[in-house]
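Please read the structure below before turning to the comments.
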Amino acid sequence: MASLNAAAADTATFGGAALQVSGLRKSYTGQTVVDGVDFTVPAATCFGLLGPNGAGKTTTLRCCLGLTPADAGTIRLAGHVLPEQAEVARTRVGVVPQLDNLDPDFSSRENLLVYGRYFGISDAVLRARIPDLLDFAGLSGKEGANIQSLSGGMKRRLTLARALINDPDIVFLDEPTTGLDPQARHLIWDRLKRLIAHGKTLILTTHFMDEAERLCDRLAILDHGRLIAEGAPRELIARHIEPQVVEIFGDAATTWARRRQGLGERLETAGDTAFFYCRDAAPLLGALAGTLTLRYVHRAASLEDVFLKLTGRDLRD
Ligand code: ADP
């Protein structure tokens, strides 16, 4: 579709970086919530910002959109310096907020039309663009549908279509699949991959490590306002975690595991589960084969292992 293809040609105009953040700081009432954050998002890639609740992700993204003034640091978004050029930068950006804030008084088509007018786009251009966007979102035939009649997945996809109404180069997505069932999540992932393939830059926050692993070329983990790791998902796993993980569950699992700590490079326990991190899991699997009562899973190390190792297993409320 024409409006998606246009982005690839534009990427050259900002020297390869869609977003450059350097030395970003923000405090609220004396508490530092973003504490010297630096990262760069190359154009036409997908970048994930991960972190426990309260880590500073939303504040960072709000600063990057020019919605919250930073205390210090420099931000270039789509080649424009923020906050001075925030208004022009935002014309190149689409936003999918965490909660769908579609207007319930309007149909699907009207939601896109009204939103597009905020960018000063003519009704003629919008009317030409909307059928393509609804088709992209899998909402053909739902042009006149009342918002309340749409499922959660449809609303998310309509919000995504709305974020594309100004044909942005960069799309910010705040937890794009939270609250969706697996089918709806897969459909959103498919559409996001299509956007990346068409040269859009995606910047997303998510609590789903599988989502980050699937979609992101690079990601950063933020905790207590600081970036504590950054890299490609596979790189981060290789850098921080032994390649094989064996999870052992059940009443006697942690006691059994502590007595055999030497069978893995690292052992962690959480509740009634023991996590062995191993370079070679064969000896441990051999020992487990001799037990009748313990249940276990042998799997490859994942991004979630990295996240939990770096940010801990304690609850953040
Ligand atoms: P995250 O998105 O990673 O959950 P946030 O950026 O929302 O983190 O919040 C980081 C910290 O900043 C939290 O302690 C939060 O309570 C605080 N905070 C965020 N926005 C404000 C605000 N407008 N006023 C005061 N404190 C805020």
Side-chain angles (χ1 to χ4, degrees), residues 18-41 46-77 82-83 86-87 89-90 93-101 152 156 159-160 163 170-180 185 188 192 201-231 233 236 240 302-317:
L19 174 65
Q20 288 170 296
V21 177
S22 175
L24 184 68
R25 285 180 199 283
K26 178 73 187 175
S27 297
Y28 285 115
T29 55
Q31 192 204 344
T32 304
V33 300
V34 179
D35 193 4
V37 163
D38 308 281
F39 63 92
T40 297
V41 182
C46 180
F47 183 84
L49 197 55
L50 313 183
N53 285 336
K57 303 179 297 292
T58 305
T59 306
T60 300
L61 292 191
R62 286 185 61 83
C63 291
C64 291
L65 285 165
L67 301 173
T68 293
D71 297 337
T74 56
I75 300 169
R76 278 177 84 88
L77 176 64
L82 265 55
E87 210 167 307
R90 279 202 293 266
V93 167
V95 179
V96 177
Q98 200 176 115
L99 299 174
D100 293 315
N101 54 357
R156 275 290 61 195
T159 305
L160 177 61
I170 306 167
V171 185
F172 284 73
L173 303 115
D174 196 359
E175 298 189 28
T177 65
T178 294
L180 299 187
R185 293 179 76 202
I188 292 276
L192 297 184
T201 305
L202 304 189
I203 298 169
L204 62 91
T205 71
T206 181
H207 286 300
F208 297 117
M209 300 297 131
D210 58 334
E211 178 164 290
E213 216 169 321
R214 263 166 215 265
L215 296 176
C216 297
D217 297 292
R218 293 183 68 77
L219 53 90
I221 300 177
L222 192 65
D223 200 12
H224 303 297
R226 291 173 188 245
L227 284 195
I228 55 171
E230 195 193 336
L236 290 173
H240 293 283
S302 69
L303 195 57
E304 184 150 313
D305 297 315
V306 176
F307 186 88
L308 290 170
K309 182 179 177 192
L310 297 183
T311 63
R313 290 182 184 271
D314 293 341
L315 271 186
R316 312 287 180 91
D317 290 318

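Along the sequence shown, residues carry numbers from 1. All ligand and atom numbering here is 1-based and tracks the order in the structure.
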Quick check on side-chain contact (heavy atoms from CB on, under 4.5 Å): which of Val93, Leu19, Ile170, Val171 does Thr201 satisfy it with? Ile170
Just one of Thr205, Leu303, Leu222 clears the side-chain contact (heavy atoms from CB on, under 4.5 Å) bar with Leu50, so which one? Leu303
Is there a donor-acceptor contact under 3.5 Å linking the side chains of Asp100 and Thr159? yes
Salt bridge Asp35-Arg226, side-chain N to carboxylate O under 4.0 Å: yes
Got a second to check how far Thr206's OG1 is from Gln98's CD, nearest 0.5 Å? 10.0 Å
Kindly compute the distance separating CD1 (Ile203) from CZ (Phe172), expressed to the nearest 0.5 Å. 4.0 Å
Taking only heavy atoms of the protein into account, state which residues are under 4.0 angstrom from an atom of ligand 1, in chain and number order. Tyr28, Val33, Pro52, Asn53, Gly54, Ala55, Gly56, Lys57, Thr58, Thr59
